[in-house]
There are 2 protein chains.
Amino acid sequence: MPAETAGRPAPRRTTLSKETVLRTAVALADEAGTGVPSMRRLAERLGVEAMSLYHHFRNKDLILDGMVDLVFGEIELPPDDVDWRTSMRRRAVSMRGALIRHPWAISLMDSRKNPGHATLRHHDAVIGRLRSGGFSIAGAAHAFSVLDSYVYGFTLQELSLPFTSSAGLEDTADSILKQLPRDEFPHLTEMITDHALKPGYAYTEEFGIGLDLILDGLQRRRESWP
Amino acid sequence: MPAETAGRPAPRRTTLSKETVLRTAVALADEAGTGVPSMRRLAERLGVEAMSLYHHFRNKDLILDGMVDLVFGEIELPPDDVDWRTSMRRRAVSMRGALIRHPWAISLMDSRKNPGHATLRHHDAVIGRLRSGGFSIAGAAHAFSVLDSYVYGFTLQELSLPFTSSAGLEDTADSILKQLPRDEFPHLTEMITDHALKPGYAYTEEFGIGLDLILDGLQRRRESWP
DNA sequence: GGTTTTACCCTTACGGCGTAAGTGCAGAGA
DNA sequence: TCTCTGCACTTACGCCGTAAGGGTAAAACC
């Protein structure tokens, strides 16, 4: 196999595999703000014409399926060497991390219908760990549902925030406040001025607070669920 | 003003207002499966050319902003004549309803940055009801975050299910099971066969179970949050 | 009534999208 | 050597959002 030439186009002897295409697609999607790449852009990055991709994937949806599955593959499976609660907590934190590293993924998930191998393995492991932690089948279903809903929803909101750092928060909140009719939305303005703008506030910490609340509830119900 | 002619085009004397455009856009988006309409399709429904819309909205994003705000306007504000817990529960149920009636909305929310008037009013009312229910500012922030995360996340997953009725569930689950390597994903198959396929199972009920779990947790923490 | 202004709506055009259909070429097996 | 087969390429179509500018009917003024 020839070494990659220094120039633009990738060496055109090794055939492009599904693997390569998907990895490149994910990398491209991660690059700032561009979102999911078009077939043309993806092909260009691979040193190939757009239509060549259709020899490996019947249509773009299958590429998106593959990309989502790669993201699922990055989520830490719930470990077995700690109690179920710690295990679920670590899985949730890892999941949030993956969704934040790949902000395009969460918007894709709701349109994807064909779970990939990594996705199935992930789901199976989570259910398995809940079962071994003492949850009944129904209980595991409830736990899985509430946990995943929370992680998805929290991350969805987090990603839509127009800032990343807490310095950015200050600027944004300030400019929002300026436009906000103070007397029409008193509670909202109060919350922004007295809470979100307080030094040391970090939205990130909210994640753990809600997560622990849910884990508490699960612990309390674990044995009463049929 | 002339009466509407029997033919296709809407009467072209009344000028089209933002209101009309947004309402039509929402109605069009709700129609089965089509998703958010293109500018051309939206204009066509209004009996107008696509470019005419740009006299009322600087670009399509502003239309999407308006559509999302209309959806927020449909969510029941938390009532004052019941205890905070019931009030929050009703709001959550109403919110889920709105998001399900307008399945395109949730995917739009993560990309929208400019909250509309109805959205702000909604947020203000929720925070206000939590405060009057005895939550501190920080407590209200925590409660709002965990509740909204759950509602968003649950609905997001619910919408991505490939079936609507529980009869549809049965068919889908069956066909999934057939493709699933039983021995590789034992817990997943077990859950589908022994739980999801049990008569009387309705995914919808999951929503209330998780919601009540969260509300319990909030009740327990309400007074300890600074 | 006549004129001007204003408010909308229309036409045309551009570059980008996903992908259907068909062509060309290089390596493997006979 | 020749054919076959797999992969990449070319061309083209009908969508999309929207920039730029032209046309006209109602309203406002004299």
Side-chain angles (χ1 to χ4, degrees), chain A residues 1-2 4-5 7-22 24-26 28-29 31 33-68 104 107-108 111-114, chain B residues 1-5 7-26 28-29 31 33-68 104 107-108 111-114:
Chain A
M1 173 182 356
E4 294 187 15
T5 58
R8 181 59 37 70
R12 185 53 326 98
R13 200 60 271 123
T14 62
T15 214
L16 37 82
S17 66
K18 289 192 194 231
E19 266 287 308
T20 330
V21 173
L22 291 179
T24 308
V26 167
L28 216 41
E31 289 178 12
T34 60
V36 172
S38 72
M39 295 297 273
R40 294 176 222 259
R41 244 195 272 285
L42 175 54
E44 185 188 31
R45 176 64 65 98
L46 288 161
V48 141
E49 296 298 315
M51 291 309 291
S52 304
L53 299 171
Y54 286 89
H55 272 275
H56 301 273
F57 299 89
R58 202 148 22 74
N59 55 45
K60 186 170 186 176
D61 257 19
L62 293 180
I63 295 188
L64 300 183
D65 283 343
M67 292 172 69
V68 168
W104 43 268
S107 0
L108 283 186
S111 50
R112 242 88 299 280
K113 310 264 155 176
N114 302 306
Chain B
M1 167 177 12
E4 294 187 19
T5 59
R8 183 59 36 71
R12 187 50 326 95
R13 200 60 275 119
T14 61
T15 212
L16 38 83
S17 66
K18 288 191 194 233
E19 267 287 306
T20 330
V21 173
L22 290 180
R23 270 200 223 294
T24 309
V26 167
L28 215 42
E31 289 178 12
T34 60
V36 172
S38 73
M39 294 298 272
R40 294 176 221 259
R41 245 193 272 285
L42 174 53
E44 185 190 29
R45 176 64 65 98
L46 287 161
V48 139
E49 297 298 315
M51 291 309 293
S52 304
L53 300 172
Y54 285 89
H55 272 274
H56 301 273
F57 299 89
R58 202 148 20 75
N59 55 45
K60 186 168 185 177
D61 257 19
L62 293 180
I63 296 187
L64 301 183
D65 283 344
M67 292 171 70
V68 167
W104 43 269
S107 359
L108 282 187
S111 50
R112 240 92 299 282
K113 310 263 155 179
N114 302 308

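Lettering of chains follows the sequences in order, A, B, ..., and the numbering in each one begins at 1.
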Report the distance from atom [atom1] of [X] to atom [atom2] of [Y], rounding to the nearest 0.5 Å.
| X | Y | atom1 | atom2 | value |
| --- | --- | --- | --- | --- |
| B:T24 | B:L46 | OG1 | CG | 4.0 Å |
| B:L22 | B:D65 | CG | CG | 10.0 Å |
| A:E31 | A:R41 | CD | CZ | 10.5 Å |
| A:I63 | A:H56 | CD1 | NE2 | 10.0 Å |
| A:E44 | A:M39 | CD | CE | 14.0 Å |

Nearest-angstrom distance from the residue atom [atom1] of [X] to [atom2] of [N]:
| X | N | atom1 | atom2 | value |
| --- | --- | --- | --- | --- |
| B:E49 | C:dC10 | CD | C1' | 6 Å |
| B:I63 | D:dG17 | CD1 | P | 9 Å |
| A:E44 | D:dC9 | CD | P | 13 Å |

Under 4.0 Å between a side-chain N or O of [X] and OP1 or OP2 of [N]?
| X | N | answer |
| --- | --- | --- |
| A:H56 | D:dG6 | no |
| B:S52 | C:dC10 | yes |
| A:H55 | D:dC9 | no |

Any donor-acceptor pair under 3.5 Å from B:R112 side chain to B:G66 backbone: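 No; zero donor-acceptor contacts below 3.5 Å.
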Under 4.0 Å protein heavy-atom contact, by nucleotide of nucleotides 12-21 of chain C - B base, S sugar-phosphate only: B----BBBBB
